[in-house]
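Take a look at the structure set out below.
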Amino acid sequence: MSKLECIDDSSRPSDIPLSKWIVKSKVYTELKRYKGMNGVEIVELEEIDLKPYPPYKGFAASRFKILEEGGGGELVEELIKKLELV
């Protein structure tokens, strides 16, 4: 899972509460990324669940910058620990 920093928290839809909206400069954890309507890349976050606010499921990926690439970091650490035991 990637770490993402919010770079754009503007234009919150009125039907999404402020408590469920992203905050500029805050770091979030990406759960899922996919193409949404009109080809817009969507990011679902671990910290904020928008599913109770249809049609929203996530945030436009353009609102974030990637800080850390996810995928396999834990596995690499586990392998290093095992190698140290040999």
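Here the NZ atom belonging to Lys32 is positioned 14.5 Å from the CD atom belonging to Glu46, to the nearest 0.5 angstrom. One finds the NZ atom of Lys65 at 6.0 Å from the CG atom of Leu67 (value rounded to the nearest 0.5 Å). In this structure, CG on Leu31 lies 9.0 Å from CG on Asp49, to the nearest 0.5 angstrom.
Panel note: side chain Glu41, backbone Gly36; no donor-acceptor pair is recorded below 3.5 Å.
Counting only heavy atoms from C-beta outward, the side chains of Lys51 and Glu44 approach each other to under 4.5 Å. Residues Thr29 and Lys3 are in side-chain contact: their nearest non-hydrogen atoms beyond the backbone lie under 4.5 Å apart. Leu4 places a side-chain heavy atom less than 4.5 Å from the side chain of Val43. When side chains are defined from C-beta on, Ile22 counts as touching Leu45, because their heavy atoms get closer than 4.5 Å. At a threshold of 4.5 Å between non-hydrogen side-chain atoms, the residues Ile42 and Arg33 do not count as touching.
Applying the ring-ring contact (aromatic ring centres under 6.0 Å, His included) test to residues at least two apart or on different chains, the pairs with a partner in residues 16-55 are Trp21-Phe59.
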Atom pairs and distances, donor-acceptor, side-chain atoms in residues 9-19, under 3.5 Å, two or more places apart:
from  : atom 1 : to    : atom 2 : distance (Å)
Asp9  : OD2    : Lys24 : N      : 3.0
Ser10 : OG     : Asp8  : OD1    : 2.5
Arg12 : NH1    : Ile16 : O      : 2.5

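Cluster annotation: Ile66 is connected to Phe64 through the hydrophobic network of ILVMFWY side chains, with a link wherever side-chain heavy atoms come within less than 4.5 Å.
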